[in-house]
Amino acid sequence: MRTLPNLPKLVFWSALLTLAGAFLWRAAGAEDVLEEAGNDNAPGVALVISIDDAIGVATAEFFISSLKTAQEREASILVLELDTPGGLLEPMRDMIKEILASDVPVAVYVTPNGARAASAGTYILYASHVAAMSKATTLGAATPVSMGNAGLAGHALGAPVLLRAAEPGGESEPSGESESGGESESGAADRESSPGAEQESAAEDDGEDEGKEDAESKGDGEGEGKEDAESAKDPNAEAMQRKMINDSVSYIRSLARQRGRNADWAEEAVREGVTLEAVEAVEMNVADFIADSVEDLLGKAHGREVDLDGTTIKLNTAEAEIEQLEPGWRIRLLSILTNPSVAYLLVIIGLYGLLLEGYNPGSLVPGIVGVICLLLAAYALSVLPVNYAGLALMLLGVGLIIAESLTPSFGVLGLGGVAAFVVGSIILFDTGVPGFEAPVALIAGVGLAAGLLMLGLVAVLARSQQRPVVSGRESLVGRRAVALEDFEGTGPVLVQGERWQASAPSAVASGQELYVHSADMDRLKLVVGNSPPVGHARKNLFTLLRKTG
């Protein structure tokens, strides 16, 4: 009986091939499962965050960190409940960049009723994968403006561009003029190339001449007013405004094309500052649908196809578990520091802390608190839209207040410093953007308190000038003296309970009241007279101010 050769090897290779086939079959099945899961996009968790303030550094960081959390947890969708009047350009662009590169769908939900997604909020809504609105909400008014309408000053200093709600037609004139100018040039070229160009141009010239005559007949006053208005315009500021508008138009149109939304209305929102309410937004393909709640939004978004960085997926959010995300302590602290009112208070506390440290060297506490507050204020001002002319006026005001303590100006420098400080405070946050405006009530309170303090110091100074001198030679001049005996030339007198030798120009009787005109402290002799010395009258505040003026 013969045995099979190399039987162990045959068994080994047979088992190995069997295992390899099983592995390949399992891998193919796993790929099918993964593909099925990817297509099915099984419902998971829907994370919800709320932003109900102007778009700034803190809100942008909160959104970006929440989006990263959603990506780490592989959430089905991130819902942003939005109610904003506008905000800063750079934080808005940071948020949009994260949305466009996100692996998790982002739904922007303008809520509650009465909320708005104005200015920067409109751009964020256009960038979102799903755009929903409550019934009584609005969006639009996305015209860009420079810091505080200050023209080129803000841009030359590197100030951030702001977005705010503008009146319809208010900001579209520069762009309209440029467009009309371009059309007129192209039209002129077409007329020159056409056979009847000369006749058409002649007819148009006649019409223009008649129009000019009619306009001139209306009066010279209106023409002069127009000339003054045109001369007052800054061509550089207009050019910068046109650049900002054109850049914003191209930006929002690119977002509209990527999400398949109405690009023409988006351009009108930038050029003319128009707005839409929720029903109109859905009809004009600006928003996707109207939702009554987050649950309603998730139900209506279920089954929609969205583009995630080049990959199309179908949303499965009908049964997603809703979880609300809250900002952490760092975001809350950043939000507090970047509040204009808090930043202004930090500047005030810091400056007065250093001022008190200068008045009382070595006390340490005011100086340390002042330095810390100024450093925090410097960080806040670095991320806020600040008018540096206002900051310079505030520093000038503090310098004048310090000079008041070193120079006997009787309040002139101090009151001037208070005025400069208040004016600088008013224009410090002169942005025109809701949420980033100057805290007027706070500035009024600080200015009133500083003004009352300076007036109190002036009153105390004036009162101190009216008080008589209580020691030295000057304390004796003008004092009353009583003759102790009859004398001619020189004799004893009593002044403030002290016995003095005094000389008089005429005979003096015992008990006669006299007045000290001068005192020789070395010889302990006085010169007295029958009347008070000339010019020795009490000073008042008006005489002091007359002297300083």
Parallel, tilted or perpendicular, as decided by the 30° and 60° cut-offs, for the rings of Phe421 and Tyr352: perpendicular
Side chain proximity check, Asp53 to Thr84, heavy atoms < 4.5 angstrom: no
Any side-chain heavy-atom pair of Thr143 and Arg271 under 4.5 Å: no
Heavy-atom pair of closest approach, residues Gly367 and Glu357: N-OE1, 3.2 Å
Pairwise side-chain contact, Phe62 with Met95, heavy-atom cut-off 4.5 Å (strictly under): no
Distance, nearest 0.5 Å, that separates CG of Leu374 from CD1 of Ile349: 10.0 Å
Side chains of Gln512 and Val482 in contact at under 4.5 Å (non-hydrogen atoms): no
Contact check, side chains of Ile51 and Leu80, non-hydrogen atoms, under 4.5 Å: yes
Any donor-acceptor pair under 3.5 Å from Asp247 side chain to Lys243 backbone: no
Evaluation steps, side chain to side chain donor-acceptor pair (under 3.5 Å), between Glu277 and Thr137: CA-CA 6 Å; Glu277 53 94 16; Thr137 56; over 6 Å; no
Note, Leu442 side chain near Leu345 side chain (heavy atom, < 4.5 Å): yes
Among Leu391, Val386, Leu393, the one residue meeting side-chain contact (heavy atoms from CB on, under 4.5 Å) with Ile427: Leu393
Considering all heavy atoms, the nearest Ala117-Leu82 contact: CB-CD2, 4.1 Å
Positive for side-chain contact (heavy atoms from CB on, under 4.5 Å) with Val270, one of Ser119, Pro144, Ser250: Pro144
Reported CD1-to-OH distance for the pair Ile252 and Tyr126, which is rounded to 0.5 angstrom: 6.0 Å
Nearest-0.5 Å distance, CD1 of residue Ile49 to CG of residue Leu67: 8.0 Å
Shortest non-hydrogen separation from Asp83 to Arg116 and the atoms involved: OD1-N, 3.2 Å
Min side-chain heavy-atom separation Met92-Ile124 under 4.5 Å: yes
Between Ser134 and Tyr109: side-chain donor-acceptor atoms closer than 3.5 Å: yes
Side-chain heavy atoms of Phe63 within contact of Ile55, under 4.5 Å: no
Shortest non-hydrogen contact between Ala377 and Leu346, atoms and distance: CB-CB, 3.8 Å
For the student: nearest non-hydrogen atoms of Ile99 and Ala127, plus distance: CG2-O, 3.3 Å
Between NZ on residue Lys97 and CD1 on residue Ile64, distance to nearest 0.5 Å: 9.5 Å
Heavy-atom closest contact (Met394 atom, Val347 atom, distance): CE-CG1, 3.6 Å
Pi-cation contact, Tyr251 with Arg93 (under 6.0 Å, within 45°): yes
